[in-house]
Colleague: 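Supplied in C-alpha cells, the structure appears directly below.
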Amino acid sequence: MNPLERAGARPGPPFTVMFDGREIEALPGQTVAAALWAVGVVAWRTTREEGRPRGVFCGIGVCFDCLVTVDGRPGLRACLTPATPGADIRTQEGTGHDD
C-alpha cells in the first residue's frame, strides 16, 4: 500500500528540484533528504579525508552526515532543510568549500 494513502495524507502538487544536474520530483513538506530517498538516492556527501559516501545517519539533525549544498550554500543538513521548488541541490564533497 502507498504510505500516503495509508496515512490519509493529501500533499499539494509535486514540484521539481535539481540534484547534481538531474531533475527530480519532490512534495510540499518534504525535506531534501526525503526527496532524495524517494528517488533512490541514499548518499550525497563525501568525507573530507577518504571521500567515503554519506547520507542520513540520525535523521533528526544531531549528526552531520547528511550535509548537502543547496543553491550554493554548503553545510546544510538535508534531514532538516525543506525541499523548495527549483532548488539546486548538489552532492557535497568534504566541507563544501574550496579547501
Colleague: Counting only N and O atoms by type, is there a donor-acceptor contact under 3.5 Å from the side chain of Arg45 to the main-chain atoms of Asp65?
Modeller: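 Checking the backbone N and O of Asp65 against the side chain of Arg45, a donor-acceptor pair under 3.5 Å is found.
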
Colleague: Decide whether Leu27 and Phe19 are clustered together by the hydrophobic rule: side chain heavy atoms of Ile, Leu, Val, Met, Phe, Trp, Tyr closer than 4.5 Å, transitively.
Modeller: no

Colleague: Should side-chain heavy atoms under 4.5 Å link Ile, Leu, Val, Met, Phe, Trp and Tyr, which residues sit in the same cluster as Leu67?
Modeller: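 Joined to Leu67, directly or through intermediates: Phe64.
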
Colleague: Any donor-acceptor pair under 3.5 Å linking the side-chain atoms of Glu93 with those of Thr46?
Modeller: no

Colleague: Would Met18 end up clustered with Ile24 when hydrophobic side chains under 4.5 Å apart are linked, directly or stepwise?
Modeller: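 Each belongs to a different hydrophobic cluster.
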
Colleague: Is any side-chain heavy atom of Arg54 closer than 4.5 Å to one of Thr47?
Modeller: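 They are in side-chain contact.
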
Colleague: Stepwise, does the side-chain contact (heavy atoms from CB on, under 4.5 Å) test hold for Val41 with Arg22?
Modeller: CA-CA 12 Å; Val41 177; Arg22 169 179 146 204; 4.0 Å; yes

Colleague: Do side-chain atoms of Thr69 reach the backbone of Gln92 as a donor and acceptor pair under 3.5 angstrom?
Modeller: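 Judged by distance alone, no pair lies under 3.5 Å.
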
Colleague: If you look at every heavy atom in Ala26 and Ala83, which pair is closest and at what distance?
Modeller: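 Closest approach of Ala26 to Ala83: CB-CB, 4.1 Å.
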
Colleague: Minimum heavy-atom separation for Leu80 and Gly61, please, with both atom names.
Modeller: CD1-CA, 3.6 Å

Colleague: Do the side chain of Asp20 and the main chain of Thr91 share a donor and acceptor less than 3.5 angstrom apart?
Modeller: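 Yes; judged by distance alone, with no hydrogens or angles, the pair exists.
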
Colleague: Mind checking the CD1-OG1 spacing from Ile89 to Thr81? Nearest 0.5 Å is all I need.
Modeller: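 Ile89 CD1 to Thr81 OG1: 9.0 Å, rounded to 0.5 Å.
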
Colleague: What about Leu36 and Phe57, same hydrophobic cluster or not, with Ile/Leu/Val/Met/Phe/Trp/Tyr joined at side-chain heavy-atom distances under 4.5 Å?
Modeller: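 Result: no, two separate clusters.
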
Colleague: Can you find a heavy atom in the side chain of Cys66 that is under 4.5 Å from one in the side chain of Trp44?
Modeller: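 Sidechains of Trp44 and Cys66: in contact.
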
Colleague: Is there a donor-acceptor pair under 3.5 Å between the side chain of Thr84 and the backbone N or O of Ala87?
Modeller: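 Side chain of Thr84 to backbone of Ala87, a donor-acceptor pair under 3.5 Å: no, none is there.
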
